[in-house]
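Shown next, in structure tokens, is the structure this report addresses.
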Amino acid sequence: MLKSQQRLRNNKDFVRVFKQGKRHSFSGVLLSYIPNNMEYSRIGFVISKKYSPLAVRRNRQRRILQSAIHPIYPQLKPGFDIIISYTNRNKVLPYKDASVVLTKLFTKTNLINNN
RNA sequence: AAAGAUUGUCGAGUGAUAGCUCUUUGAGUCUGUAAAGACUCUGGAGAGGAAAGUCCGGACACUCUCUCUGUCGAUAAGAUAGGGAAACGGUAGCGGGUAACCCCCGUCUAGAGUGAUCUACGAGGUGCGAGCAGAGACGUGUUUUAACCGCAAGGUAAACAAUUCUUGAUUUUUUCAAGAAUAGCUCCAUAGUAAUAUGGAGGUGAAACGGCUAAAUCCUUACUGUAGUGCAAGACCGUACCCCGCACCCAUUCCAAAAAAAGACCAUAUAAGUUUUAUUAAUCGUAAGACGAAGUUAUUUCGUUUACAAAGUAAUAAAAUCAAGAAGUCUUUGCCUGGAAUGGGUGCGGGGGGAGUCGCAAAGAUUUGUGUGGCAACAUACAAACAAGAUAGAUUAUCACUGUAAACAGAAUCCGGCUUACUGACAAUCUUUUAAU
RNA sequence: GUCCUUGUAGCUCAGUGGAUAGAGCGUUUGGUUGCGGUCCAAAAGGUCGUAGGUUCGACUCCUACCAAGGACA
């Protein structure tokens, strides 16, 4: 779990990222991002009710993604608003696959520091 | 010991690594005159029995019909407290519990089971396809078929005028007649708060004293609740930024020669804004192709292009609503510089904006234990216990072990119920059967 | 989160406890025409969302569940 400063916490920001941001997807994980004028990056998670109507499964999937992003976060370039959404219906994405998918996505979009 | 019945409890644990929210016991650093705030380390706490469905009931908050009475007020406007009515509901064998209930407890009646126990129902009226005979038709006899099935013949058409025995009439059944008994009916006694049960008596017993049904669509009665909206209720505050109006100051340009101060009119107007209506526009989205790109090669994803309904959004127009105050005019005082436009700044007023704070988070119809009252639900006394509180939303992720680690499932203002989903285990009480003493 | 609405033929919808559950559009067949449309005539197509219950009798009343949709900042 990231700190509250490092999370997207406002509806306006979500709308801005979805409307104006760039998108990339990989095996059900959709990454949208847009630069912000801040010294750190902020990350939000969206898992829709179409994924599963049960709140427990949605919570668990979100927590897996959050914990997978935690070791990657220090390597990210600062100054971006990022939204990660998962829509694969009723398929649980385990921790190992999630970290692999996320690193792939970040390298593809050049959001990660190569150092 | 086996087979059951009912009720209750629990709803994984341990370790390692990495992390989140709240809190502030302690320590430190920074900002600040101070109050205080921010950060780091440490300590403490952190998801249910159904948190679910949102099906009932309450607390709490705001809004609200008519009428009467009391208090404050001036007799008014209004505020506040209480009673009643209308309308709209709720409950329904009987008795009790509760803040309240479609809830719970006890009990009556009927049925199932050897039994523990389980299941079901519950006031009155109205109503009961039609005709004929008949004292009487929902129901005894008979006809018919409005309705349904069927090609047709024909059949279906809820329940209830009861049951048993003996004798006689006829060869028997059916039917008829006579008699007896039971149920039913009325009254009385006993038990019970009551529903009701038990016992006794009485006449009646082919004439209603009977059946089903409609408060899970009608009417009445009894008891009872004002009603509506739901914490996105509601209260406070209002940052950045934006819009409108007014005053003052500065700059530039133009104009005038009489101005300034106080009060009134101007002003039941009007700006932004809000609400409603109309028009237009673009976006989102949808659909089917075409082209291009990506790619996990899937009936994939993305972009461009073509077409398009409603709602919403934006702009414009109209109507309604809504602040402060200038110029101008008049009156009084009484005598020298002032006014307009554009741009910028400062201040004041009106409005939009959710950055936020509270409601709301440790404490009340609470939970547990013991005593007392009660068959019980529950009440009461004493003692002890009780820090989840987020707001794009914390309460976790990964690995290992524990017999295989597994079910249903995630708090969102808070409580009492009901309903639905569900893994495995344990405990208590009771019943029946078998065996031993 | 709180509060509501709806579910009937392929689509859009009616339906007052007793009808073989209807209407329009669509589909199919036949007729008309040289052919097609229009028109005319007929037919098919329904577990009334699912499961229980009340009732002599349920699309309609009650309860539970399922699905779809809406309002509120």
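In what follows, chains are A, B, ... by sequence order, proteins preceding strands, each numbered from 1.
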### Query
Between atom CD1 in A:Ile69 and atom C1' in B:C20, what is the gap in whole Å?
15 Å
### Query
Quick one: A:Lys96 NZ to B:U398 P, roughly how many Å, whole number?
10 Å
### A:Val46 side-chain proximity, nearest of B:A392, B:A18, B:A397
B:A392
### Query
Would you say B:A397 has OP1 or OP2 under 4.0 Å from some side-chain N or O of A:Arg60?
yes
### Message
Whole angstroms only, please: what is the CZ-P distance between A:Phe45 and B:C20?
### Response
13 Å
### Message
A side-chain contact here means heavy atoms from C-beta on lying under 4.5 Å apart; do A:Ile69 and A:Leu102 qualify?
### Response
yes
### Query
In degrees, rounded to 10°, what is the bend between the two ends of the helix from B:C241-B:G352 to B:A256-B:U337, using five pairs at each?
30°
### Task
Using the closest heavy atom to pick a nucleotide of RNA chain B for each, name whichever of A:Pro94 or A:Gly44 lands nearer the 5' end.
A:Gly44
### Query
Quick one: side chain to side chain donor-acceptor pair (under 3.5 Å) partners of A:Asn59, sequence neighbours excluded?
A:Arg62
Could you list the protein-to-nucleotides 45-55 of chain B atom pairs, N/O on both sides, closer than 3.5 Å?
| residue | atom | partner | partner atom | Å |
| --- | --- | --- | --- | --- |
| B:A47 | N6 | A:Arg63 | NH2 | 3.3 |

### Message
Does B:A394 have OP1 or OP2 under 4.0 Å away from a side-chain N or O of A:Arg62?
### Response
yes
### Task
Sort out the partner of C:U2 for me: Watson-Crick or G-U wobble, both distances under 3.5 Å, none otherwise.
C:A71
### Query
When the distance from OH of A:Tyr95 to P of B:G19 is rounded to whole Å, what number comes out?
11 Å
### Who pairs with C:C48 - Watson-Crick or G-U, where each distance is under 3.5 Å
none
## Note on the structure
Taking a pair to mean Watson-Crick or G-U wobble geometry with both distances below 3.5 Å, B:U75 pairs with none
### Task
Rounded to whole angstrom, note down the C1' distance from B:U370 over to B:U433.
41 Å
### Task
Could you tell me the separation between the CG atom of A:Leu105 and the P atom of B:A294, rounded to a whole number of Å?
17 Å
### Summary
Of A:Lys104 and A:Leu54, the one whose closest nucleotide on RNA chain B sits nearer the 5' end is A:Lys104
### Summary
Across every strand shown, the nucleotide meeting Watson-Crick or G-U wobble geometry with B:U329 (both distances under 3.5 Å) is B:A264
### Query
Once you round it to whole Å, what is the distance between P of B:A397 and CG of A:Leu102?
17 Å
#### Entry: Anti or syn - B:G328, cut at 90° from 0
anti
